[in-house]
Every structure is written in C-alpha cells, then in structure tokens.
Engineer: 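The structure follows.
All values below were derived from every heavy atom in this structure, side-chain atoms included, with hydrogens, water molecules and symmetry-related copies excluded.
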Amino acid sequence: VDFPQAQTCCGQLHFNTGYQKEALSLARRFVRVFSSAELVVAPSASCVAMVRDFYPYLAEQGEDAALREEVNVLAPRVLELTEFLTRLGIEDLGASFPHRVAYHPTCHSLRALHLGDAPSRLLRAVNGLELVELARADECCGFGGTFSVKNADTSSAMLADKLQAIVDCEAEVVAALDTSCLTQIGGGLSRRGLAVRTLHLAEILAAGAP
Amino acid sequence: VTSFPQAARVALRDEQLRSNLHLATTTIRGKRAAVVAERSDWQELRDAGAAIKRRVLRHLDDYLVQFEGAVRRAGGVVHWASHAEEANRIIVGLVLGTGAHEVVKVKSLTTDEIGINDALAVAGISAIETDLAELICQLAGERPSHILVPAIHKNRLEIRDLFREKLGVADLSEEPTALAGAARAYLRAKFLEASVGISGANFAVAETGSVCVVESEGNGRFCTTLPRTLITVVGIEKLVPTLEDLEVFLQLLPRSSTGERMNPYTSLWTGVTPGDGPSEFHVVLLDNGRTDALADQVGRPALACIRCSACLNVCPVYSRTGGFAYGSVYPGPIGAILTPQLRGLAEAGSLPFASSLCGACAEVCPVKIDIPKILVHLRGRVVDESLSKTAPERLVMRGLARAFGGPRRFRFAQALRQAFAVDGRIRRVPGLGGWTRSRDLPAVPGQTFREWWRKR
C-alpha cells in the first residue's frame with residue numbers, strides 16, 4: 001500500500017461549482033499521480049464518483065483526447081473503500097465498537113456508486129455495534145459542496161431535518177462514507193451542542209481491530 | 001430579478017408552507033414509488049421514452065413541418081411564435097376576432113410561461129382557469145407553485161376560506177367533496193357560456209397532427225370540446241413522431257406524476273370535425289428560448305421533459321423551499337435546468353446552483369434526463385459567460401485550485417485553516433458566513449493523515 005504524497009484534490013469542488021478549467025487541471029494531476037497504481041482506494045464516495053462518472057466527460061469537454069484515454073484505463077481501477085472490501089469478499093474485519101450507530105448513506109454512495117447495503121453489512125459485522133435506523137436516511141444532508149455556502153439557508157434547513165432524524169433515533173455515532181457530508185452533519189451537531197459523534201466508516205472498521 | 005437564495009430565504013421562514021409541502025411531497029412520492037415498482041419493464045419504458053425524445057429533438061425541424069402539414073390537412077390553422085409576446089399577440093388577436101370577452105382554460109404550463117392571462121386581461125378578456133388547483137391559485141392571486149399540484153402550498157382550511165370569500169359560499173366546509181362541489185358549480189356555468197377555449201398540450205403527434213391533453217378532472221375536456229373556437233399552445237419540443245409513440249408516454253406519465261396506473265382523462269383531437277367539437281382550431285407553435293436550449297448539446301435533454309413533476313417531489317431543495325423560490329412556472333430540479341436555458345443565464349443564473357446535486361431527480365425522471373449533469377454544465381456556463389472576471393468567488397476558486405496544485409501548497413492551506421480554530425472547532429471564517437451561521441467547521445487534527453503516514 002502506498003499513499004502518494006503528491007496527491008491533493010480530485011477537482012470535484014471546482015467541477016461542481018462550474019470551474020471546469022481548474023477541475024480539468026486537477027484531473028490531469030490525479031491521473032498523473034495515480035496512473036501507475038494497480039488499484040486506487042479512496043475513502044470518499046463522491047470523489048470516486050467524480051473520477052469514474054465525470055472525468056471521462058470532463059476530458060471530453062476539455063477536448064483532451066490523451067486524458068480521455070488515460071481516464072478510460074484508470075477510472076475502473078478507482079474504488080471506494082467498501083467496494084474494495086466487497087471485491088475482496090471481506091465482511092468481518094474483526095473490529096469492535098460497542099455503540100449505537102446510525103448509518104447515513106451519502107448521495108454519491110447511494111445514487112452514483114450504487115453501494116446498496118454493502119456498508120451496512122460491514123457495520124453489522126462489527127462486534128458490539130448496534131445499527132439503528134435513520135428516518136428518511138436516503139435524503140441528502142444538505143452539504144453539496146459550495147451549495148452549503150451559496151444556498152446556506154436551504155442547506156441548513158436540510159441539515160436541520162437530518163439532525164432531527166439523528167436525535168430521534170438516539171444514536172451515539174453517525175457514520176458515513178464521505179468526510180464532506182460528515183463535516184456538514186458534524187458541524188451542525190457541534191453548533192447545537194449535541195453529543196453525537198461523526199465518524200467515517202473506516203474509523204469504525206479500524207476500531208479495536210486486532 | 002430575485003435570486004434563488006434570496007427567495008428561498010423568505011420561503012423557508014414560512015412554517016405552514018414547509019409543513020404543507022412535506023406532507024404533500026411525501027404522499028405523492030410514496031404513491032409513485034408503489035406504482036413504478038409494479039412494472040418489471042420500467043427501466044425499458046424509460047429507455048424507450050428517452051430514445052423517442054432524443055430522436056424528436058435531433059430531427060425537430062422535420063417533425064415540426066410534418067406536424068404543420070398534418071394539422072392543416074385536418075382543418076386546423078398553425079401559427080408560429082418565436083417568443084412569448086408574439087404568441088400572446090396571436091392569441092389575443094384570435095380571441096378578439098371571435099368577439100368573446102371570456103375564455104376557459106385547460107391547466108397549462110406553457111400558457112403560464114407566456115403569461116397569456118395577463119395579455120388577455122389587457123385586451124379586456126378574462127381567462128378562467130378551470131383546473132381546480134389552478135382556479136385556487138387564480139382566485140388567490142398567486143402563481144402555481146408546483147407543476148402538477150399548482151396549489152400544493154395551500155391546505156384545505158386555506159382553500160375553504162378562499163372559496164368562502166371569492167365564490168360567495170358562506171357556510172362551506174373544508175371537506176374535499178364540499179370544496180370540489182363549490183368549484184364545480186362555479187365552473188359548469190363558465191363551461192356552458194364560453195365560446196373560446198385555450199389549452200396547452202402534453203403531446204403533439206407529427207404524423208397525424210393530433211394534439212393530446214392529459215388531465216385528471218375532466219374539466220380540460222369541457223374546454224376542448226364545448227367552445228366553438230379552440231386555441232392550443234404547443235411548445236415545439238412537445239412533438240412525438242407517431243401515435244404509437246404515445247403508448248410509451250401514456251404509461252410513463254401517470255405513474256411518474258400522480259402515481260396512477262392510468263390517466264383518468266386523456267383527450268386527443270385532430271383538426272376539426274363538422275358537428276363534433278370546436279369548429280375552429282388553432283395551434284400556436286412556441287419557441288420562446290427552446291431553440292437556444294436545442295443548440296446546447298449538453299443542455300438539450302432538458303427539452304425532453306414531459307412535465308410529470310416526479311423530480312420536484314423527491315427533491316430535498318424543492319420540498320423545503322416550494323416552487324415560488326424558483327421564480328418560474330417551471331420549479332424544482334427541471335426548472336433549475338430549463339428556466340436558465342429558456343430565459344438566459346443573466347436572468348436565471350442562480351437556478352443551476354439551487355441543488356445539492358444529490359441525484360434523486362435523475363433517479364426518478366421517466367425520460368432519464370441527467371439533471372445533475374446539466375446543472376453542473378450550466379454552472380460552468382454561468383462562470384464562463386456571466387460571472388464577473390473579478391468576482392470574489394472566482395478569485396477564491398482560483399486560489400483553491402492553486403493550493404491544490406501541489407502537496408506543499410496544500411499543507412499550507414491546511415495550516416491557514418487552522419488559524420481560525422478555537423478549542424478544536426471553527427465557528428467563524430471571514431467570507432464563509434453562509435456556512436458558519438448554522439455550522440461549525442472541524443479544526444485540522446494535531447497530526448494530519450499525511451504526517452502520520454510519513455512518520456509511521
């Protein structure tokens with residue numbers, strides 16, 4: 001396993017905000033940094049969706065045929081963490097986490113990568129973990145990158161409903177596959193002084209592991 | 001022009017509106033999901049719908065001319081309108097020519113888009129909306145706030161009070177049957193008096209010159225059959241090649257919109273037939289920005305929309321702000337990609353940003369419009385075409401792109417963010433007030449993953 005220190009950002013922020021030129025140069029950078037890897041595993045569903053679903057389009061729009069070709073080769077080798085574990089046939093990592101956990105399926109993990117119940121299955125296999133059901137779980141938390149700033153009021157209204165669902169299910173921890181969504185949810189929890197913690201799924205899978 | 005964030009801010013304060021919307025969108029969402037799940041061939045139907053629409057848009061010029069010829073042969077008159085004013089001029093002229101002072105209308109987004117009611121009013125002609133929910137909006141002096149359920153923002157008590165006042169029924173109860181009864185009594189008289197009907201069209205068949213209106217109440221059918229003169233406004237994108245193609249859309253539309261297996265009143269007429277229905281039939285083919293959308297290769301699929309409103313009902317933004325915030329007859333996700341293309345980015349440039357790109361809309365769209373992709377594309381056009389070269393946002397985004405240009409600069413940016421941290425969280429960042437009004441930001445941890453990895 002290698003963590004190339006040259007990596008920075010996949011460019012999703014710029015792409016989704018309308019800065020395609022900037023996104024294109026970040027995409028070129030990503031491809032350059034990772035093209036020699038056999039597999040690329042990312043702990044973010046939205047970044048993986050960016051690479052797999054939008055890099056080809058970005059290269060096409062930017063009329064960069066060379067990038068398009070490199071992306072075609074690299075993109076299928078870019079996997080989200082639970083996709084990677086599922087591909088290896090791993091469901092139980094021997095982790096232990098005796099807490100009430102609500103899983104928030106992020107939009108990209110659900111509707112772009114179609115991960116289905118793979119993340120929940122990983123959580124259920126964790127020792128002592130009690131998975132509680134989140135009402136309207138598939139609804140967006142309101143983050144949406146710069147949407148959260150440009151449309152702060154709407155974003156906050158969406159977040160308020162998500163926080164209410166979290167409070168209602170009496171979870172101690174909210175887990176998700178995207179740090180961005182966790183930043184939104186965690187930011188709201190922190191501002192309201194709620195004691196619920198946000199954790200990336202990977203942090204739970206690594207907890208108390210042998 | 002009020003931007004979406006400004007308008008949404010006002011709408012979000014209305015608790016009654018939010019609770020009405022939540023209840024209504026949740027109900028329709030559930031009904032749709034149930035009837036869609038019944039069809040094992042739903043994905044194939046969607047593919048077929050998308051393919052037909054793609055073909056129509058690619059050969060629109062041919063289909064339009066074919067349609068024009070077919071309408072003429074069937075005894076109808078075809079008018080071409082390149083924009084709203086021209087369409088209104090044509091329609092007002094036609095109504096004045098009949099000597100009528102009142103027209104009855106079928107629920108129609110296209111006629112709302114061109115503002116025909118106002119244009120008719122200027123000419124001394126009153127237009128009576130005959131769809132129950134449209135009538136509610138008209139009596140309340142409001143615009144519709146939903147494509148399918150125009151009065152979704154109103155609950156029964158609000159409607160009862162409105163009818164008591166405007167229809168003069170003093171002891172009206174809020175029972176749905178009583179409310180519908182009051183509207184029926186009022187509208188029946190209007191249907192019997194009217195000599196001109198105005199409608200939009202859900203579909204127009206190029207092969208036969210037929211026009212199709214899909215509605216639930218039967219009031220539309222009164223308007224299209226009783227008056228002597230019928231005027232139908234058709235957006236040029238509403239064509240389908242053949243009658244057979246309707247089979248696909250008449251399955252997709254009711255399940256996606258009202259959550260019904262079959263639509264209650266599907267009216268289909270072709271030109272004029274002596275002794276049966278209107279003796280004069282006019283079609284106004286409307287462009288009004290549609291050819292601009294057609295010219296945009298990425299934005300074009302927005303024209304495939306069949307106005308089912310499934311995307312509104314699943315949208316987490318729409319279900320909180322309601323339709324008024326979109327400042328257009330086309331609200332919700334489809335409005336966010338259609339309105340800017342029809343009206344121009346200068347006027348509606350905030351709409352493509354009115355989405356968290358959650359993707360729920362694309363998942364339910366019966367003609368598979370990739371709404372998030374078009375939203376992002378239009379955002380790019382806003383940045384390239386209408387955002388000032390020195391806009392603070394542009395400078396910030398450029399700065400960030402530079403910071404992401406290498407690991408050293410990236411680490412520096414992280415250190416910069418750390419400067420705002422107090423007790424492990426960030427409560428205020430200059431320029432990020434939108435975020436910090438309701439949320440904290442986590443501070444960068446004492447040791448970043450990068451550092452941990454290097455030292456491990």
Engineer: For the interface with chain A, which of B:Ala360, B:Ser3, B:Pro352 has the highest count of heavy-atom pairs at distances below 4.5 Å?
Structural biologist: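 Maximum pair count with chain A is reached by B:Ala360.
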Engineer: Out of curiosity, A:Gln12 CD to B:Leu357 CG, how far, rounded to the nearest 0.5 Å?
Structural biologist: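 Interatomic distance, A:Gln12 CD to B:Leu357 CG, rounded to 0.5 Å: 8.5 Å.
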Engineer: Take atom CD in B:Gln43; do more than 12 heavy atoms of anything else shown fall under 6.0 Å from it?
Structural biologist: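 Result for CD/B:Gln43: enclosed.
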Engineer: Please identify, among A:Ala157, A:Gly188, A:Ala160, the residue contributing the most non-hydrogen atom pairs under 4.5 Å to chain B.
Structural biologist: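 Top count of heavy-atom pairs under 4.5 Å with chain B: A:Ala157.
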Engineer: Do you know which of B:Phe410, B:Phe353, B:Phe449 has the most heavy-atom pairs with chain A at a distance under 4.5 angstrom?
Structural biologist: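 Greatest number of close heavy-atom pairs with chain A: B:Phe353.
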Engineer: Please report the closest heavy-atom contact between B:Glu393 and A:Thr17, naming both atoms and the distance.
Structural biologist: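 So the minimum-distance heavy-atom pair works out to OE2-CG2, 4.2 Å.
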Engineer: Any idea which heavy atoms bring A:Asn16 and B:Arg379 closest together, and the distance?
Structural biologist: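 Closest approach of A:Asn16 to B:Arg379, heavy atoms only: O-NH1, 2.7 Å.
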Engineer: What distance do A:Gln5 atom CD and B:Trp453 atom CH2 have between them, rounded to the nearest 0.5 Å?
Structural biologist: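 Here the rounded value is 9.5 Å.
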Engineer: Give, as side chain, backbone, both or neither, the part of B:Thr321 having an atom under 4.5 angstrom from any heavy atom of chain A.
Structural biologist: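 Just its side chain gets close to chain A.
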Engineer: So how far is it from B:Leu400 CG to A:Thr8 OG1, rounded to the nearest 0.5 Å?
Structural biologist: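 B:Leu400 atom CG to A:Thr8 atom OG1 measures 11.0 Å (nearest 0.5 Å).
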Engineer: Look at the side chain of B:Arg437 and the backbone N and O of A:Ala152, then say whether any donor-acceptor pair between them is shorter than 3.5 Å.
Structural biologist: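 Such a contact is absent between B:Arg437 side chain and A:Ala152 backbone.
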Engineer: Sub-3.5 Å donor-acceptor pair from the side chain of B:Arg398 to the main-chain atoms of A:Glu22, do we have one?
Structural biologist: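 No; zero donor-acceptor contacts below 3.5 Å.
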Engineer: Pairing donors with acceptors under 3.5 angstrom, does anything connect the side chains of B:Arg9 and A:Thr154?
Structural biologist: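 Looking only at side-chain atoms, A:Thr154 and B:Arg9 do not form any donor-acceptor pair under 3.5 Å.
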Engineer: In terms of heavy-atom pairs under 4.5 Å with chain A, which of B:Arg450, B:Arg409, B:Arg381, B:Arg454 leads?
Structural biologist: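 Result: the option with the highest number of such pairs is B:Arg450.
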Engineer: Kindly compute the distance separating CE (A:Met158) from SG (B:Cys315), expressed to the nearest 0.5 Å.
Structural biologist: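 With rounding to 0.5 Å, CE (A:Met158) is 7.0 Å from SG (B:Cys315).
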Engineer: Above 12 or not: heavy atoms from other molecules or residues under 6.0 Å from CZ of B:Arg408?
Structural biologist: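 Atom CZ in B:Arg408 is not crowded, with 12 or fewer foreign heavy atoms closer than 6.0 Å.
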Engineer: May I ask you to check whether over 12 heavy atoms, not counting those of B:Gln414, lie within 6.0 Å of atom CD?
Structural biologist: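 Yes, because the 6.0 Å sphere around CD of B:Gln414 holds more than 12 heavy atoms from other groups.
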Engineer: If you count heavy-atom pairs under 4.5 Å between each of B:Gly433, B:Ser356, B:Gly434 and chain A, which one has the most?
Structural biologist: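 The option with the most such pairs is B:Ser356.
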Engineer: Tell me the closest heavy-atom pair linking A:Cys9 and B:Phe404, and the distance in Å.
Structural biologist: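 Closest pair (atom of A:Cys9, atom of B:Phe404, distance): CB-CD1, 3.5 Å.
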Engineer: Should the pair B:Arg320-A:Asp161 be classified as a salt bridge under the 4.0 Å nitrogen-to-oxygen rule?
Structural biologist: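 Judged by the 4.0 Å cut-off on N to carboxylate O distance, B:Arg320 and A:Asp161 do form a salt bridge.
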Engineer: Counting only heavy atoms closer than 4.5 Å, note whether B:Arg427 contacts chain A via side chain, backbone, both or neither.
Structural biologist: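 For B:Arg427, backbone and side chain are both near chain A.
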Engineer: Between B:Arg29 and A:Glu139, does at least one N-O distance fall below 4.0 Å, as a salt bridge requires?
Structural biologist: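 So B:Arg29 pairs with A:Glu139 through a salt bridge.
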Engineer: So which of B:Ser319, B:Gly406, B:Ala354 has the biggest tally of heavy-atom pairs under 4.5 Å with chain A?
Structural biologist: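 Of B:Ser319, B:Gly406, B:Ala354, B:Gly406 has the most heavy-atom pairs under 4.5 Å with chain A.
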Engineer: Between B:Ser355 and chain A, with a heavy-atom cut-off of 4.5 Å, which part of the residue counts as in contact: side chain, backbone, both or neither?
Structural biologist: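 The answer is the backbone of B:Ser355.
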Engineer: Select, from B:Ala401, B:Cys358, B:Gly405, B:Gly380, the one with the greatest count of heavy-atom pairs under 4.5 Å involving chain A.
Structural biologist: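 If we count pairs closer than 4.5 Å to chain A, B:Cys358 comes out on top.
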Engineer: For residues A:Leu13 and B:Met397, determine if any side-chain heavy atom of one lies less than 4.5 Å from a side-chain heavy atom of the other.
Structural biologist: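 Yes, close enough: below the 4.5 Å cut-off.
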Engineer: What's the spacing between B:Asp440 CG and A:Thr183 OG1 if we round to 0.5 Å?
Structural biologist: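 Here the interatomic distance stands at 11.5 Å.
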Engineer: With a cut-off of 6.0 Å (strictly less than), are more than 12 heavy atoms of other residues, nucleotides or ligands near CD of B:Gln447?
Structural biologist: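 Yes, enclosed.
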Engineer: If we count only N and O atoms by modelled type, under 3.5 Å, do the side chains of A:Ser190 and B:Arg439 hold a donor and an acceptor together?
Structural biologist: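 Looking only at side-chain atoms, B:Arg439 and A:Ser190 do not form any donor-acceptor pair under 3.5 Å.
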Engineer: Where on B:Val317 is there a heavy atom nearer than 4.5 Å to chain A: the side chain, the backbone, both, or neither?
Structural biologist: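 Contact with chain A involves both backbone and side-chain atoms of B:Val317.
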Engineer: Considering residues, nucleotides and ligands other than B:Phe412, do more than 12 of their heavy atoms fall under 6.0 Å from its CZ?
Structural biologist: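 For B:Phe412, atom CZ is not crowded (no more than 12 foreign heavy atoms under 6.0 Å).
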Engineer: Measure A:Leu159 against the heavy atoms of chain B and call it side chain, backbone, both or neither at under 4.5 Å.
Structural biologist: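 When you check distances to chain B, only side chain atoms of A:Leu159 fall under 4.5 Å.
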Engineer: Supply the atom-to-atom distance B:Phe4 CZ to A:Asn151 CG, rounded to the nearest 0.5 angstrom.
Structural biologist: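 One gets 6.0 Å once the value is rounded to the nearest 0.5 Å.
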Engineer: Look only at the side chain of A:Arg111 and the backbone of B:Glu363, and say whether a donor-acceptor pair between them is shorter than 3.5 Å.
Structural biologist: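 Such a contact is absent between A:Arg111 side chain and B:Glu363 backbone.
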Engineer: Mind ranking A:His108, A:Gln7, A:Gln184 by heavy-atom pairs under 4.5 Å with chain B and telling me who comes out on top?
Structural biologist: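 The residue among A:His108, A:Gln7, A:Gln184 with the greatest pair count is A:Gln184.
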Engineer: Using non-hydrogen atoms and a 4.5 Å limit, figure out which bit of A:Arg192 sits close to chain B: side chain, backbone, both or neither.
Structural biologist: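 Contact with chain B is absent: no heavy atom of A:Arg192 under 4.5 Å.
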Engineer: Taking side chain as everything from C-beta outward and backbone as N, CA, C, O, which of these in B:Arg425 sits under 4.5 Å from a heavy atom of chain A? Side chain, backbone, both or neither.
Structural biologist: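 Side chain of B:Arg425 only, per the 4.5 Å heavy-atom cut-off to chain A.
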Engineer: With a 4.5 angstrom heavy-atom cut-off, which part of B:Val298 approaches chain A: side chain, backbone, both or neither?
Structural biologist: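 Contact with chain A: side chain only.
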Engineer: Using 30° and 60° as the class boundaries, would you call the ring planes of A:Phe143 and B:Trp435 parallel, tilted or perpendicular?
Structural biologist: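 Perpendicular: the ring planes of A:Phe143 and B:Trp435 meet at over 60°.
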Engineer: Ignoring hydrogens, what is the shortest heavy-atom contact between A:Tyr57 and B:Lys373? Give both atom names and the distance.
Structural biologist: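 Closest pair (atom of A:Tyr57, atom of B:Lys373, distance): CE1-CE, 3.3 Å.
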Engineer: Near B:Arg402 CZ, under 6.0 Å, is it more than 12 heavy atoms from other residues, nucleotides or ligands?
Structural biologist: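 No.
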